[in-house]
Amino acid sequence: QPQFVESGGGLVQSGRSLTLSCAASGGTLAYYAIGWFRQAPGKELEGLSCISYPGRHTKYADSVKGRFTISRDNVGDTVSLQMNSLNPEDTAVYYCAATRNPGSGACAVVKGRYDYWGQGTQVTVSS
């Protein structure tokens, strides 16, 4: 299977936006449902959003609904997570995860549904 790689993290001021990307190194994202998760220092892994293949279905955690938008570019072979109105509580390592078996809901914001994980990208929001 390909390796899944996140990019786009960095330091951003509170209130600003940032877009993360997930790509497949050595392969393709085709036929994978993709999820985004994050883990803040001292906290458990939190599911944020997911998108089915080819992209008809999306889901969001309540904590990010209305601020984050997931999308996929099947030509460019990437999945993006646009994050708006960031605040210091959004500071975390962000991970994309992939599965070809998302279950009946087309995708799920549940870590146990995913088989492959990226290494993560750090997002730091300053106040």
Point to revise | Intermediate values then yes/no, side-chain hydrogen bond (donor to acceptor under 3.5 Å, both in side chains), Ser63 and Glu46 | key: CA-CA 10 Å; Ser63 60; Glu46 177 187 12; 2.8 Å; yes
Study note, to complete from the structure: The ring-ring contact (aromatic ring centres under 6.0 Å, His included) partner of Phe37 among Phe68, Phe4, Tyr94, Trp117 is Trp117
Check your understanding: Is the number of heavy atoms from other residues, nucleotides or ligands under 6.0 Å of Arg16 CZ greater than 12?
Key -> no
Show me, pair by pair, the donor-acceptor contacts under 3.5 angstrom made by side chains of residues 107-116, not counting sequence neighbours?
from	atom 1	to	atom 2	distance (Å)
Arg113	NH1	Pro102	O	3.0
Tyr114	OH	Ala108	O	2.6
Asp115	OD2	Thr99	OG1	3.0

Exercise for review: For residues Leu11 and Ser126, determine if any side-chain heavy atom of one lies less than 4.5 Å from a side-chain heavy atom of the other.
Suggested key: yes
Check your understanding: Would a 4.5 Å heavy-atom cut-off, applied to side chains only, mark Tyr95 and Thr121 as touching?
Key -> no
Practice item. Grab the two heavy atoms, one from Ala24 and one from Pro2, that are nearest each other, plus how far apart they are. Key: CB-CB, 3.8 Å
Study note, to complete from the structure: Tightest non-hydrogen contact, residues Ser52 and Ala106, listed as CB-O, 3.5 Å
Check your understanding: Do Leu45 and Arg38 come close enough that some side-chain heavy atom pair is under 4.5 Å?
Key -> no
Check your understanding: Stepwise, does the side-chain contact (heavy atoms from CB on, under 4.5 Å) test hold for Leu86 with Leu18?
Key -> CA-CA 8 Å; Leu86 288 165; Leu18 202 62; 3.7 Å; yes
Review point. Is any side-chain heavy atom of Leu81 less than 4.5 Å from a side-chain heavy atom of Ser49?
Key: yes
Which pairs would a plain distance check flag for residues 28-36, meaning a side-chain donor or acceptor within less than 3.5 Å of a matching protein atom at least two apart in sequence or in another chain?
from	atom 1	to	atom 2	distance (Å)
Thr28	OG1	Ala30	N	3.0
Thr28	OG1	Asp77	OD1	3.2
Thr28	OG1	Asp77	OD2	3.2

Check your understanding: Checking side-chain hydrogen bond (donor to acceptor under 3.5 Å, both in side chains) for the pair Ser17/Asn84: CA distance, chi angles, key distance, verdict?
Key -> CA-CA 4 Å; Ser17 299; Asn84 297 328; 2.9 Å; yes
Study note, to complete from the structure: Separation between SG (Cys22) and CD1 (Ile51), nearest 0.5 Å, reads 11.0 Å
Review point. Taking the side chain as C-beta and beyond, is there a heavy-atom pair between Ser80 and Ser71 under 4.5 Å?
Key: yes
Review point. Distance from Leu48 atom CG to Ile70 atom CD1, nearest 0.5 Å?
Key: 9.0 Å
Review point. What is the distance from atom OG of Ser14 to atom CG of Asn87, rounded to the nearest 0.5 Å?
Key: 6.0 Å
**Study point:** Rounded distance [0.5 Å steps], OG in Ser127 versus CD in Gln13
**Key:** 9.5 Å
Exercise for review: Return yes when atom CD of Gln119 has more than 12 non-hydrogen atoms of other residues, nucleotides or ligands closer than 6.0 Å, and no otherwise.
Suggested key: no
Practice item. Apply side-chain contact (heavy atoms from CB on, under 4.5 Å) to the pair Glu89 and Thr91, showing each step before the final yes or no. Key: CA-CA 5 Å; Glu89 289 68 40; Thr91 294; over 6 Å; no
Check your understanding: Taking C-beta and beyond as the side chain, do Gln82 and Thr19 meet within less than 4.5 Å on heavy atoms?
Key -> yes
Review point. To the nearest 0.5 Å, how far apart are CE in Met83 and CZ in Arg67?
Key: 9.0 Å
